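In this text, all values refer to a predicted model and were calculated from it rather than measured experimentally. Proteins get letters first, then strands, A, B, ... in listed order; numbering begins at 1 in each.
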Amino acid sequence: MTDDRPDPAHDDSPHILSAQGREGDEGADGDAASGGDDDFHAFWADVVADEIEARHPDDPIVIKGGVSPSGVAHLGNFNEIIRGYFVAEVLRERGHEVRQVFTSDDKDPLRKLPRKLANADGEIVGLGEVDAGALGRNLGKPYTSIPDPFGERESYAAHFAALLKADADRLGIPVEMVSNTELYADGAFDDVTRTVLSDLDGVREVLAQYQDKVDDEYVPFNPVCSECGKITETVTAIDLDAETVTYVCTDMDVGDNTIEGCGHEGTATFREGKLPWRLEWPGQWDVLGVDFEPFGKDHAEGSWPSGVDVARNVFGIEPPVPMVYEWFTLNGAPLSSSAGNIVTVPELLELLEPAVLRYFFALHPKKARDLDIERLDQLVDRFDRFERAYFGEVDDEDLTAFAERAYPFVVGRVDDPPTEPPVRLPYTFAAVLGMVDDPALRERLARDEGHIPSDASETVVEAALARVEKARNWAERTANEYDYRLQTDLPETDFDDDVAAALDDLADFVAAGHDGEAIQAEMYETAREHDIEVSEFFSAGYRLFFDDTQGPRLGEFLGELERDYVVARLRREA
RNA sequence: GGGCCGGUAGCUCAGUUAGGGAGAGCGUCCGGCUUUUAACCGGACGGUCGGGGGUUCGAAUCCCUCCCGGCCCGCCA
């Protein structure tokens, strides 16, 4: 065949979760696995699993993700782990042995200084908080050769990889971290590298279809300079028998800047360098035997087609089953660490349960979603509804079908799915409870509102109330309409005489012993008797108890508090 | 400019597998909880399913075309 360009045939489309991708794969596989891929699946991971099974891969099935260690392990990076996880779990449930790996592409050179970094706790810090000068001197070196800016791990790369691994642990996702640098150092890449350098003409012919810079001189191997430690780009000779190359450490163009080479001329083994990305990625597929890999939409039209080509025509392997996922936005804007529009897993886990976060990623990967922190309550509500649907409590056929399949995976209990629905406080109600500190009072309020069944065990109550801390953090973080806090000390006040008199009357009423409902009604009554605006009277109450102008339904709230405290506070005594 | 992927109510999203009733939650508005103050309950309002054309008895769903958004089409990853 003499096609002038690669033919993006349907069966190589990475969009297997789109209508078009599905249409294309029908005839291509011949007969499908016994399950048949004509079956409808409410959960996308089953569609992917069908696709993988149709290739009859050997166990263990290998699922991979990977990123280059930038400065911050943010939630977007987590796509690379958790989307593969759902597929891995589905395959395990179908009886396969699955190995999920994550490659830290840590032999890549640091090309520019990151503006933000994440410390060992996952908190975002500016470049100013670390030794930026030391980082700057390491431009051009592999991430694994750069010291950890926080001085804890053996390298910059190790620091970053540890962050992602910790995130995976927090969400209960077993993933095997693989250092790309180690793959080279251990010789795992030897065969791949030899294959590439043995057939330079063939490799160039393939690559030239995708990269303009590939000419007759181009050598797709980047040795590490033995003198200055930087990744170099100029190979002058190859010795296949000795498995070495000779190189000159020349300057490297990086965007508008240049990283200076040291001019050293030296020799490097195949293990002392790396392949460029377009070869390295399919090389990883070969070395690790990858059967499935999800990737962001930026790879869909760039490296994927070339990767398919390289896999088949350079390494002689079939590429893995691909899956393109859409990027999500954060608070309506693209994720950007330099712009500070970033959120990490630990940050998010202060605001919601792991299951809710897992649910977010269980939604269809092809939809661009917005993670809106201000309206996190909506996400949690959707999760709660999804959960109720699993237990057959929602009149929605489609949602129920999705929930029945996906819920056990979302809560990580495929083998022993819950049989009873957990008690869930509505998220915004949990935020209301967050206005008070006393756990007993929180429980009483929740019971009064009917959110906790009367026969609930202590364990159940505790589990339900755990959400209060999350919602409380959310209210504080967003400074939203639930960000009120019951004042233990008397706030500064400045009331008119008639307001003060009304407060005294209300204090007497409370002291006489009435429930919340009565207090609520009495507030209207008292305001009228003293000829003051109801709103003004409520404002006074909110000032006294929350040091604010607004708050929750006050009368019923006060009815739950310690009577002496309420009376004293209404009298401005304490 | 070309390719790919998206576009359903104010917001967040189901529904497209297999053509047949346009839906949910939230928000808004109105009402209830003995009389404005965010927790609870009920109801209503709200959409040319991005536009247009075609196939069909029938289209959010299939086909064509156009519009809008994102990504890719240098290097890097």
Side-chain angles (χ1 to χ4, degrees), chain A residues 5 8 13-15 17-23 37-42 47 66-70 105 108-109 111-112 210-213 231 233 252-256 276-278 280-281 295-305 324-327 329 332 334 363-372 374-379 381-382 384-386 389 394-402 425-426 428-433 435 445-446 448-451 480-482 484 517-518 520-521 523-525 527-528 533-539 541-542 549-557:
Chain A
R5 53 176 45 235
S13 165
H15 303 283
L17 291 177
S18 300
Q20 193 170 358
R22 260 200 299 281
E23 173 191 334
D37 54 4
D38 291 338
D39 295 338
F40 171 71
H41 292 303
V47 178
V67 296
S68 187
S70 68
D105 295 335
D108 300 346
R111 300 168 63 81
K112 62 178 183 185
Y210 309 94
Q211 294 184 285
D212 291 347
K213 73 168 188 175
I231 298 280
E233 294 188 317
M252 177 163 60
D253 289 329
V254 180
D256 298 333
W277 163 252
R278 290 189 119 93
E280 190 172 75
W281 195 27
F295 45 85
K297 63 175 180 174
D298 53 332
H299 286 330
E301 298 302 317
S303 17
W304 172 251
V324 178
Y325 59 81
E326 262 287 342
W327 294 344
T329 53
L363 298 173
H364 203 287
K366 292 297 291 183
K367 293 277 194 174
R369 284 165 209 288
D370 185 47
L371 181 65
D372 192 338
E374 299 273 332
R375 276 170 300 188
L376 217 50
D377 56 312
Q378 286 194 18
L379 177 64
D381 285 349
R382 280 173 65 81
D384 288 351
R385 196 172 134 83
F386 164 77
V394 177
D395 182 23
D396 185 325
E397 210 176 302
D398 298 311
L399 177 63
T400 301
F402 173 57
L425 304 179
T428 53
F429 179 71
V432 171
L433 295 189
M435 297 174 191
L445 286 163
D448 287 352
E449 276 305 315
H451 290 303
N480 66 6
E481 67 268 40
Y482 298 97
Y484 303 113
E517 209 172 311
Q520 177 77 6
M523 289 195 69
Y524 294 100
E525 198 61 39
R528 190 174 307 145
E533 291 291 327
V534 171
S535 61
E536 190 183 0
F537 193 46
F538 271 95
S539 290
Y542 290 128
T549 56
Q550 296 177 319
R553 212 169 164 84
L554 193 54
E556 294 171 21
F557 201 94

>> What is the separation between atom CG on A:Asp377 and atom P on B:G25, rounded to the nearest whole Å?
In response: 15 Å
> Say you pick atom P in B:A38 and the same atom in B:C33; how far apart are they, in whole Å?
Replying inline: 16 Å
>> Can you build the contact string for nucleotides 39-44 of chain B? Use B for base contact, S for sugar-phosphate-only contact, and - for no protein heavy atom under 4.0 Å.
In response: BS----
>> Can you check the distance between B:U56 and B:G20, where both ends of the measurement are the C1' atom (answer in whole Å)?
In response: 12 Å
>> Tell me the interatomic distance from A:Arg528, atom CZ, to B:U35, atom P, rounded to whole angstroms.
In response: 10 Å
> Roughly, in whole Å, what's the span from CZ in A:Arg385 to P in B:G25?
Replying inline: 6 Å
> Could you state the CG-P distance from A:Leu17 to B:C4, rounded to the nearest angstrom?
Replying inline: 18 Å
>> Considering every strand and a 4.0 Å limit on heavy-atom distances, what is the contact class for A:Glu525: base, sugar-phosphate, or nothing?
In response: base
> Are any non-hydrogen side-chain atoms of A:Tyr542 and A:Pro552 less than 4.5 angstrom apart?
Replying inline: yes
>> Taking the C1' atom in each of B:U48 and B:A44, what is the distance between them to the nearest angstrom?
In response: 23 Å
> Which whole number of Å gives the distance between the C1' atom of B:G21 and that of B:U35?
Replying inline: 43 Å
> Between atom NZ of A:Lys213 and atom CD of A:Glu233, what is the distance when rounded to the nearest 0.5 Å?
Replying inline: 5.5 Å
> Does a side-chain heavy-atom distance below 4.5 Å link A:Asp377 with A:Arg375?
Replying inline: yes
>> What I'd like to find out is whether the side chain of A:His364 reaches to under 4.5 Å of the side chain of A:Glu326, using heavy atoms alone.
In response: no
> Yes or no on side-chain contact (heavy atoms from CB on, under 4.5 Å) for A:Trp277 and A:Asp105, after CA distance, side-chain angles and deciding distance?
Replying inline: CA-CA 9 Å; A:Trp277 163 252; A:Asp105 295 335; 3.8 Å; yes
>> Once side-chain contact (heavy atoms from CB on, under 4.5 Å) is applied, do any residues pair with A:Val534, and if so which ones, sequence neighbours excluded?
In response: A:Tyr524, A:Ala527, A:Phe538
> When you check every protein heavy atom under 4.0 Å of nucleotides 72-77 of chain B, what one-letter string (B, S, -) results, 5' to 3'?
Replying inline: S-SSSB
> B:C5 and B:C63: how far apart are their P atoms, nearest whole angstrom?
Replying inline: 12 Å
>> A side-chain contact here means heavy atoms from C-beta on lying under 4.5 Å apart; do A:Phe386 and A:Asp396 qualify?
In response: no
>> Taking the C1' atom in each of B:G19 and B:C57, what is the distance between them to the nearest angstrom?
In response: 12 Å
> Over how many whole Å does the gap from A:Asp396 atom CG to B:G23 atom P extend?
Replying inline: 13 Å
> Given the C1' atoms of B:A60 and B:G15, what is the spacing between them in whole Å?
Replying inline: 8 Å
> On a whole-Å scale, what distance lies between the P atoms belonging to B:C26 and B:G7?
Replying inline: 24 Å
>> Just to be sure I understand the rule, does A:Phe402 reach a base, reach only the sugar-phosphate, or reach nothing, if contact means heavy atoms closer than 4.0 Å?
In response: nothing
>> Would the base of B:A38 count as contacting A:Gln550 through its side chain, where contact means a donor and an acceptor less than 3.5 Å apart?
In response: yes
> Is there a side-chain contact between A:Leu376 and A:Leu371, using heavy atoms and a 4.5 Å cut-off?
Replying inline: yes
>> If I take atom CG in residue A:Asp398 and atom P in nucleotide B:G21, what distance separates them, rounded to the nearest angstrom?
In response: 14 Å
> Hey, are the side chains of A:Glu481 and A:Gln550 touching, using non-hydrogen atoms and a 4.5 Å cut-off?
Replying inline: no
>> Expressed as a whole number of angstroms, how long is the span from A:His15:NE2 to B:G70:P?
In response: 17 Å
> With sugar-phosphate meaning primed atoms plus P, OP1 and OP2, does A:Tyr325 contact a base, only sugar-phosphate, or nothing at under 4.0 Å between heavy atoms?
Replying inline: nothing
> In whole angstrom, what separates A:Asp384's CG from B:C26's C1'?
Replying inline: 13 Å
Anything under 3.5 Å between a protein N or O and an N or O of nucleotides 7-12 of chain B, put it in a table, one pair a line.
unit_1	atom_1	unit_2	atom_2	d
B:G7	OP1	A:Lys367	NZ	2.6
B:C11	O2'	A:Arg375	NH1	2.7
B:U12	O4'	A:Gln378	OE1	3.2

> A:Trp281 vs A:Phe295 aromatic rings, parallel, tilted or perpendicular, using cut-offs 30° and 60°?
Replying inline: perpendicular
> If pairing requires Watson-Crick or G-U wobble contacts with both distances under 3.5 Å, which nucleotide is the partner of B:C73?
Replying inline: B:G1
> What is the nucleic acid contact for A:Gly551, judged by heavy atoms within less than 4.0 Å: base, sugar-phosphate only, or nothing?
Replying inline: base
>> A side-chain contact here means heavy atoms from C-beta on lying under 4.5 Å apart; do A:Arg385 and A:Leu399 qualify?
In response: yes
>> Taking pairing as Watson-Crick or G-U wobble with both contacts under 3.5 Å, can you name the mate of B:G47, or confirm there isn't one?
In response: none
> Paired with B:G58: which nucleotide, if any, by Watson-Crick or G-U wobble criteria at under 3.5 Å for both distances?
Replying inline: none
> Who pairs with A:Tyr484 by ring-ring contact (aromatic ring centres under 6.0 Å, His included), at least two apart in sequence or on another chain?
Replying inline: none
> What is the distance from atom CG of A:Leu363 to atom CG of A:Leu379, rounded to the nearest 0.5 Å?
Replying inline: 8.0 Å
> With both distances kept under 3.5 Å, what pairs with B:U34, Watson-Crick or G-U wobble?
Replying inline: none
>> Just to verify, what does A:Pro276 make a side-chain contact (heavy atoms from CB on, under 4.5 Å) with, not counting sequence neighbours?
In response: A:Tyr218, A:Pro220, A:Asn222, A:Leu279
